[in-house]
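As the structure lists them, so they are numbered: ligands from 1, and atoms in each ligand from 1. As a basis for the values below, the full set of heavy atoms in this structure was taken, side chains included, without hydrogen atoms, waters or symmetry mates. For clarity, every value in this text was computed on a predicted model and none was experimentally measured.
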Amino acid sequence: MAIAPVKGTKDIYKDEALYHRYVSSFLRSTVELYGFKEIETPVLEHTEVFTHGTGESSDVVRKEMYTFEDKGSRSVTMRPEFTAGIVRSIVSNKWYATEDLPLKMYYHGPAFRYERPQLGRYRQFHQFGVEEIGLDSARADAEIVIMAIHSLSVLGFKNVKLKINSIGDAESRNNYKKALVEYFSSRIDEMCPDCKERLELNPLRILDCKVPADQEIAKGAPSMKDYLSEASEKRFYETLSIINDFGIEYEVDDGLVRGLDYYSEMVFEIHILSEEGKDYGAVCGGGHYGGLVKLLGGPDLPGVGYAMGVERVVSLMQDNHLLDDVKETTDVYVMPIGQDMLDDAFTLTMNVRSLGYSAETPMANMKMGAMFKKAEKRGCKIALILGEEELNSGVVQMKNLETQVQKTVALDDLEDVLNEELNPSSGCGCGCSCDGDCDCEGGECECGGKCCCSEEKN
Ligand code: HAM
């Protein structure tokens with residue numbers, strides 16, 4: 001019986017798993033610069049966390065949730081997004097009362113949506129995201145957008161496109177919804193069954209409809225900007241002006257309303273062009289939310305956040321050649337010459353590992369050629385060849401598999417020589433790539449790294 005993965009899910013192994021780790025570690029370290037701390041919440045939540053939180057009128061809740069009854073007849077749902085679960089955890093743990101506000105949290109993990117799988121769209125995918133809760137500020141909104149752009153630039157992206165909009169406060173949205181109902185009511189018979197429901201539930205959702213004929217009709221709909229209250233307009237322009245001060249280009253997209261119900265005021269999406277011309281959809285989406293904490297049983301605290309689709313980020317990095325040098329490797333392959341050397345090679349391999357380098361050795365006798373092939377397949381940089389003669393003289397043959405240079409190394413010197421081969425330091429000895437002759441005085445170096453040059457020199 002051949003069992004395929006469930007439609008819309010995939011196995012992530014080896015280089016791809018490394019890409020995910022690489023991306024998430026850069027994203028983590030960037031948001032940590034802004035004071036965000038990690039949170040992990042359960043994949044499973046009571047269904048009402050999402051029906052109340054993410055919102056009954058969103059497609060995600062109406063059509064895409066993996067919801068089932070557990071053995072105790074409770075309805076549970078595998079999270080389709082993180083925000084509602086994070087807010088639930090803040091309310092359940094009363095962190096709004098016991099922790100310093102604003103709470104600044106980041107997360108990374110799988111989310112599940114029963115969507116039609118296509119390029120960049122899966123049923124199980126990973127999000128890396130942030131939520132900042134407890135501070136109502138146009139400046140905090142701007143910082144979140146700046147942090148998202150900063151994170152993507154740290155990964156090496158250059159052509160990012162920021163789309164931003166304001167959907168206003170509750171009063172602005174209510175007035176706008178009334179205008180939309182008036183506009184769409186006369187055309188609703190021509191529109192898809194989903195839009196008929198959306199008109200009842202939340203006419204803003206019609207603006208997200210993917211049916212081309214409906215999109216044509218939506219083009220003539222009233223514009224959100226004409227319904228923004230004075231306060232919302234002022235707040236939005238304050239956010240834009242801070243973003244602008246940091247040289248970040250943006251496009252105000254009046255049709256951007258985002259598909260989840262909790263948003264208010266500023267919303268945004270980031271798109272990136274693939275060098276291969278592929279469109280994976282938005283890599284990042286987020287915005288401000290007003291009533292979510294209260295809706296889930298907490299005090300009236302606002303929040304702002306975003307999530308990035310890690311699979312989309314990885315695909316775009318691959319297409320844009322930003323991962324070409326990232327490879328899953330093993331540092332050292334230890335090669336015993338003959339059956340009798342297996343035990344000593346095993347011991348040497350353990351020693352190499354204790355020095356902090358990854359190492360492998362065959363578990364049974366292998367020919368030299370086969371071991372070199374194996375080392376190449378494992379992406380090893382160094383081969384250590386151990387025969388009886390070497391063992392008796394307390395040495396090993398070390399071959400650098402990239403340069404093909406082979407030398408005899410005393411086992412007592414192994415640590416130093418491996419450090420040099422696998423971790424070459426720069427001229428100044430601090431690990432940055434300057435030539436050791438810069439004037440950075442232990443700060444930001446000419447090569448872009450943090451340097452200890454002058455401390456070394458003094
Ligand atoms: P979202 O726009 O639904 O927002 O998802 C955020 C990102 O997750 C998208 O921009 C996309 O990159 C990725 N994504 C979504 N669905 C899929 C899928 N089926 N396959 C692959 N990637 C996908 C949220 O989830 C909000 N919780 C974001 C947020 C946080 N807003 C405020 N705080």
Tabulate below the donor-acceptor pairs under 3.5 Å that side-chain atoms of residues 237-245 make, not counting sequence neighbours, or state none.
| from | atom 1 | to | atom 2 | distance (Å) |
| --- | --- | --- | --- | --- |
| T239 | OG1 | A138 | O | 3.1 |
| T239 | OG1 | R235 | O | 3.2 |

Donor-acceptor pairs are to be reported for all side-chain atoms of residues 122-135 against protein atoms at under 3.5 Å, with residues two or more places apart or in another chain.
| from | atom 1 | to | atom 2 | distance (Å) |
| --- | --- | --- | --- | --- |
| R123 | NE | E115 | O | 2.7 |
| R123 | NH2 | E115 | O | 3.2 |
| H126 | ND1 | E311 | OE2 | 2.7 |
| E131 | OE1 | Y289 | OH | 2.6 |
| E131 | OE2 | T83 | OG1 | 2.9 |
| E131 | OE2 | Y107 | OH | 2.6 |

Between the protein and ligand 1, are there any N or O atom pairs that come within less than 3.5 Å of each other, and if so, what are their names and distances?
| from | atom 1 | to | atom 2 | distance (Å) |
| --- | --- | --- | --- | --- |
| ligand 1 | 2 (O) | R258 | NH1 | 2.9 |
| ligand 1 | 2 (O) | R258 | NH2 | 2.9 |
| ligand 1 | 3 (O) | R113 | NH1 | 3.0 |
| ligand 1 | 3 (O) | R113 | NH2 | 2.9 |
| ligand 1 | 4 (O) | R258 | NH2 | 2.9 |
| ligand 1 | 5 (O) | Q127 | NE2 | 3.2 |
| ligand 1 | 8 (O) | Q127 | NE2 | 3.1 |
| ligand 1 | 10 (O) | A282 | O | 3.2 |
| ligand 1 | 12 (O) | A282 | O | 2.9 |
| ligand 1 | 12 (O) | V283 | O | 3.3 |
| ligand 1 | 12 (O) | G309 | N | 3.2 |
| ligand 1 | 16 (N) | R113 | NH1 | 3.4 |
| ligand 1 | 19 (N) | E115 | OE2 | 2.6 |
| ligand 1 | 19 (N) | Y122 | O | 2.8 |
| ligand 1 | 20 (N) | Y122 | N | 2.9 |
| ligand 1 | 25 (O) | R113 | NH2 | 3.1 |
| ligand 1 | 25 (O) | Q127 | NE2 | 3.1 |
| ligand 1 | 27 (N) | E81 | OE1 | 2.5 |
| ligand 1 | 27 (N) | T83 | OG1 | 2.8 |
| ligand 1 | 27 (N) | Y262 | OH | 2.9 |
| ligand 1 | 31 (N) | Y263 | OH | 2.6 |
| ligand 1 | 33 (N) | T83 | OG1 | 3.3 |
| ligand 1 | 33 (N) | E131 | OE1 | 2.9 |
| ligand 1 | 33 (N) | E131 | OE2 | 3.1 |
| ligand 1 | 33 (N) | Y306 | N | 3.4 |

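Residue pairs meeting the salt bridge (Lys or Arg N to Asp or Glu O under 4.0 Å) criterion with at least one member in residues 18-32, sequence neighbours excluded, are R21-E328, R28-E38.
I167 and L228 make their closest contact through C-CD2, 4.1 Å (heavy atoms, listed as atom of the first residue, atom of the second, distance).
No side-chain N or O of D261 forms a donor-acceptor pair with one of S58 less than 3.5 Å apart.
In this pair, Y66 and F112 present their aromatic rings perpendicular. The plane angle is above 60°, beyond the 30 to 60° band.
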